[in-house]
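Down below is the structure, laid out as structure tokens.
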2 protein chains.
Amino acid sequence: MGLREPFDDAGECGLPSALEAIGERWSFLILRGAFNGLHHFEEFQSALGIARNILANRLGRLVEHGILTRTPLADDRRKIEYRLTEKGAELLPVVVGLRQWGERWGIGIPSTPVLVDKRDEQPIRPIRITAHDKRELGLADLCWKQAADIRPLEEPVRAAIAA
Amino acid sequence: MGLREPFDDAGECGLPSALEAIGERWSFLILRGAFNGLHHFEEFQSALGIARNILANRLGRLVEHGILTRTPLADDRRKIEYRLTEKGAELLPVVVGLRQWGERWGIGIPSTPVLVDKRDEQPIRPIRITAHDKRELGLADLCWKQAADIRPLEEPVRAAIAA
DNA sequence: ATTAATCAGTTGCGGATTGCTACTTAATAT
DNA sequence: ATATTAAGTAGCAATCCGCAACTGATTAAT
């Protein structure tokens with residue numbers, strides 16, 4: 001087993017803080033809705049079938065955590081617009097990765113519509129762990145290392161990668 | 001009662017079925033433990049500080065969903081070994097992605113130790129969405145498309161990518 | 001101007017889930 | 001024979017979730 005994180009630090013990772021922000025019931029689905037272009041309370045409510053009080057609570061929490069912004073619209077001040085922040089938008093790989101996993105291993109999901117690259121309209125590649133040179137890595141290829149013990153890449157190598 | 005149902009009919013993607021399996025409180029942290037080499041009930045319990053009944057419930061659920069296997073050890077039959085299946089192991093990109101996000105956006109997390117490629121001991125690349133040719137894509141580069149409307153790549157192109 | 005409709009919530013309540021602690025059961029160690 | 005360990009269960013309080021009905025502030029219709 002190559003993959004074992006030293007015990008001392010096992011509790012010291014970003015997961016708990018991530019889960020505090022989006023680890024509750026419905027939060028992932030609300031995020032998916034946001035990525036799909038939902039912006040209003042009633043849109044989320046009818047698209048997800050979530051209870052109104054829970055939705056209000058989750059939207060509030062996502063706003064508190066800086067994942068969504070909440071702005072009343074100028075031309076109709078009843079309407080509130082929820083929008084992803086940059087912080088929120090960077091959850092897309094996780095949401096998509098979880099979705100891909102569910103599609104791959106869940107019970108018969110047809111998987112449409114599909115996320116595609118705008119440029120060529122081809123489906124995105126499955127979310128994977130990759131090395132600095134973009135090789136795809138599996139569990140067996142990985143291990144933990146103290147940040148201080150990592151040797152920086154040689155300059156020419158880095159240049160080649162950047163290109 | 002069908003309290004799991006709301007997730008299932010909340011949309012036509014794999015997210016609900018993924019959340020059904022691992023969307024509950026603690027499941028992600030139990031998975032992280034499994035990826036870090038924890039294999040036994042008491043190990044999870046003391047590493048995570050989770051209540052015993054909840055842990056039993058979550059482990060059982062992960063086993064039910066084929067994410068972990070549960071095998072009594074031959075040389076000490078009190079001991080039960082929990083191990084990731086292939087299905088479970090394929091959650092690593094999601095767990096790592098969420099962790100990276102938490103490290104990036106959470107409150108001051110030093111981020112050590114770090115996951116590295118065994119081959120050259122260089123840190124893994126951040127989890128990203130990539131195009132079929134491995135270009136990294138952001139929100140602005142993406143759109144949804146009906147699966148039926150996607151034109152397959154030309155044969156020579158596919159061959160080049162596979163290589 | 002008055003009334004109706006819409007949007008974004010909030011409230012109250014019953015049932016479900018979670019967390020804590022103590023207990024149990026089976027296998028091993030002394 | 002007794003103690004200890006591993007892996008759970010059981011009971012109970014506190015919290016969370018889901019449903020339906022209600023409020024309050026705009027905006028639309030008559």
**Prompt:** Can you find a side chain N or O atom of R25(B) that sits less than 4.0 Å from OP1 or OP2 on dA16(C)?
**Reply:** no
**Fill in**
Separation of dG24(D) atom C1' from F41(A) atom CZ, nearest Å, is 14 Å
**Listed nucleotide nearest any side-chain atom of N53(B), set dA7(D), dG12(C), dA10(D)** = dA10(D)
**Message:** Looking at dG8(D), I'd like to know if its phosphate oxygens (OP1 or OP2) sit under 4.0 Å from a side-chain N or O belonging to Y82(B).
**Reply:** yes
**Request:** Answer with base, sugar-phosphate or nothing: what part of the nucleic acid does D76(A) contact at a heavy-atom distance below 4.0 Å?
**Result:** sugar-phosphate
**Asked** Under 3.5 Å, side chain of H40(A) to main-chain N/O of I80(A), donor-acceptor pair present?
**Response** yes
**Message:** Atom CZ of residue position R135(A) - does it have more than 12 heavy atoms of other residues, nucleotides or ligands inside 6.0 Å?
**Reply:** yes
**Given dC17(D), dG9(C), dC7(C), the nucleotide with the shortest approach to the side chain of I54(A)** = dC17(D)
**Item:** Position toward the 5' end of DNA chain C (nearest nucleotide), R58(B) or R52(B)
**Value:** R58(B)
**Prompt:** What nucleotide among dA8(C), dA27(C), dG18(D) has an atom nearest to a side-chain atom of A51(A)?
**Reply:** dG18(D)
**Asked** More 5' along DNA chain D: E24(A) or R77(A), using each one's nearest nucleotide?
**Response** E24(A)
**Asked** With respect to the side chain of H40(B), which nucleotide from dT9(D), dG19(C), dA7(D) is positioned closest?
**Response** dA7(D)
